[in-house]
Amino acid sequence: MSPASTGASTTVDADAPVTATEPPAAAETPDTRMTPGGPGYRRMSLALFLAGVATFALLYSTQALLPLISDDLGVAAGEASWTVAAATGGLALFVLPMSALSERFGRRTLMTASLSVAVAVGLLVPFAPSIGALVALRAVQGAALAGLPASAQAYLAEEVRPRALVTAIGLFVAGNSVGGMSGRLITGWVAQMWGWRVSVGVIGVVAVGCAVAFRLLLPAPRHFTAGSLRPRVLLGTVRDHLRDPLLRRLYAIGALFMTVFGGVYTVIGYRLTGAPFGLPQGIIGSIFLVYLVGTVSASTAGRLVRRVGRRGALYLAGGTTAAGLLLSLAGSLPLVLLGLVLITAGFFAGHAVASSAVSRTATHGRAQASALYQSAYYIGSSVGSTVGAVAFHSDGWSGTVGVGLLAILGVVAITVLGSRAARRGPAPA
């Protein structure tokens, strides 16, 4: 083929040496995503840690106060539990639409807006005049918080290198555990002195500080590409994720783990205020210090996965949770507390493993993939808090434990199915 036919020039520099050369190789694009020890990683970790603190502190601000709310508003445990179920249900319903907004307007923008609205509603909650108004405000608060979890996981999947993703998400989940612990600890002691209304107001003020620090610390995204808000595109992305068998299993696992956790921690206050324990509200709030165990187990989930694999980590998390449930049946307070420690450690480890696996599995529409996980997760919380309370009213603590054990059996069964699927084909399970 002649030079003319290729479009190449026929002019040759007479002074240049004539050599046969290969075309220059394209330079590799450097990976500018964050990694532990690198620029911005600590600021990002602290910002999302504080977002996790605010999310769980607000979302579960009434959970440790249910006996006091029951007495003040004259409602039974099942009705009072709706102050928790409405918040988690609102989050579950709105997390997918919020994830679509984050694809269009950006992760940081949506997380900031969601946290701001949730904090504002949190400052109104103490003034609710009735159980109906309280439940309505909590539902709005949960819907506002829906913009945080899925957007945070999508932000991490885009801005953090894959090898560090489990650890980074584990730190966000650890923030959840600290928020859950500090929220219940603060509300327990404040409520004992000044009542439940003042205690949830204090949580709102704490969340304001977390929200401000979050916005100041979180680095601007560098790898975000705006997506479409067209319903057809969104539905197509959701359909793709729901067709993925691995993602379906992970969604179910997250829901089942949260069913256990939601049921146990919604009811535990009623159990410990009654016979044979008869503990005051402040002491019950202090019991939530066991969440520190969840902080450790979530933040070390990455090392656990590297050592025993994802399915091995899920088996260990499920077994630890089941052991804690059985131990909590004892009539001895130290054994009950040890049971809560095991339940908390198992839950947060399992949640960190499953949620990080979702972020690594999704190749597109990561916000929607994470949103579907969060939706399933918080549906599990709503189901657990409601069914756990009903079971407690019917059969006592053993009824709540029975609900939890059934959920853990589901986790084990789904993980076994994943193991079999992995042996049949190349896709991980």
Side-chain angles (χ1 to χ4, degrees), residues 47-48 50-66 68-69 72-73 75 79-99 101-102 105 107-152 175-176 178-180 182-184 186-187 190-191 194-215 262 266 371 374-375 377-379 381-382 385-386:
L48 290 179
L50 291 173
V53 169
T55 299
F56 254 48
L58 290 170
L59 195 63
Y60 293 100
S61 60
T62 63
Q63 193 174 55
L65 305 172
L66 294 182
L68 295 179
I69 292 172
D72 183 41
L73 299 179
V75 296
E79 293 175 272
S81 70
W82 276 103
T83 64
V84 179
T88 55
L91 193 154
L93 288 174
F94 279 85
V95 67
L96 189 58
M98 289 290 195
S99 74
L101 293 177
S102 85
F105 298 108
R107 320 300 186 197
R108 189 171 69 161
T109 299
L110 190 70
M111 286 190 285
T112 301
S114 293
L115 196 51
S116 300
V117 174
V119 165
V121 175
L123 296 176
L124 297 176
V125 166
F127 303 100
S130 65
I131 187 65
L134 180 58
V135 169
L137 284 171
R138 296 283 291 147
V140 173
Q141 192 173 46
L145 286 170
L148 271 162
S151 298
N176 293 165
V178 170
S182 59
R184 291 161 174 88
I186 292 169
T187 56
V190 173
W194 295 295
W196 70 269
R197 295 180 185 275
V198 173
S199 65
V200 294
V202 170
I203 291 299
V205 172
V206 171
V208 169
C210 289
V212 172
F214 161 79
R215 186 61 181 84
T266 295
Q374 296 293 334
S375 182
Y377 175 79
Y378 285 109
I379 286 172
S381 178
S382 295
S385 60
T386 303

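Positions are given from 1, in the same order as the sequence printed here. All values below come from the heavy atoms of this structure, side chains included, with hydrogens, waters and symmetry mates left out.
Every residue meeting the side-chain hydrogen bond (donor to acceptor under 3.5 Å, both in side chains) condition with Ser382, not counting sequence neighbours, appears here in chain and number order: Thr88. Shown here are the salt bridge (charged side-chain N to carboxylate O under 4.0 Å, His left out) partners of Arg108, two or more places apart in sequence or in another chain: there are none.
For the pair Val117/Val140, no side-chain contact is recorded, criterion being any heavy-atom separation below 4.5 Å from C-beta on. A heavy-atom distance below 4.5 Å is found between the side chains of Asp72 and Arg197. Using a 4.5 Å heavy-atom cutoff, the side chains of Gln63 and Thr187 are not in contact. Using a 4.5 Å cut-off on side-chain heavy atoms (C-beta onward), Leu115 and Phe214 make contact.
The side-chain contact (heavy atoms from CB on, under 4.5 Å) test with Leu58 singles out one residue from Val53, Ile203, Val206, and that residue is Ile203. Checking each of Leu134, Ile131, Leu66 against Val75 for a side-chain contact (heavy atoms from CB on, under 4.5 Å) leaves exactly one that passes, namely Ile131.
Side-chain N or O atoms of Arg138 include one that pairs as donor or acceptor with a backbone N or O of Leu59 at under 3.5 Å. One N or O on the side chain of Thr83 and one on the backbone of Ala80 form a donor-acceptor pair closer than 3.5 Å.
Residues Val95 and Ala371 come closest through the heavy atom pair CG1-O, 3.2 Å. Here the shortest heavy-atom pairing between Arg107 and Ser102 reads NH1-OG, 3.0 Å. Of all non-hydrogen atoms in Ser199 and Val190, the two that sit nearest each other are CA-CG1, 3.6 Å. Residues Gly147 and Ser114 share a closest heavy-atom pair of CA-OG, 3.1 Å.
Between Phe105 atom CZ and Thr112 atom OG1 the span is 14.5 Å, to the nearest 0.5 Å. Going from atom OG1 of Thr266 over to atom OH of Tyr60 covers 7.5 Å, rounded to the nearest 0.5 Å. Expressed to the nearest 0.5 Å, how far CZ of Phe56 lies from CG of Leu148 amounts to 12.0 Å. The OG atom of Ser116 lies 9.0 Å from the CZ atom of Arg215; values are rounded to the nearest 0.5 Å.
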task = Apply the test side chain to side chain contact (heavy atoms under 4.5 Å, CB included) to residues Trp196 and Ile69: give CA-CA distance (whole Å), side-chain angles for both, the deciding distance (0.1 Å), then the verdict.
result = CA-CA 7 Å; Trp196 70 269; Ile69 292 172; 3.8 Å; yes
request  = Kindly determine whether Leu96 and Ser375 satisfy side chain to side chain contact (heavy atoms under 4.5 Å, CB included), including the steps that lead there.
outcome  = CA-CA 7 Å; Leu96 189 58; Ser375 182; 5.8 Å; no
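At most 12 heavy atoms of other shown residues, nucleotides or ligands fall within 6.0 angstrom of atom CH2 in Trp82.
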Using distance only, find each side-chain donor-acceptor pair of residues 119-130 under 3.5 Å and give its atom names and separation, not counting sequence neighbours.
unit_1	atom_1	unit_2	atom_2	d
Ser130	OG	Ala133	N	3.3

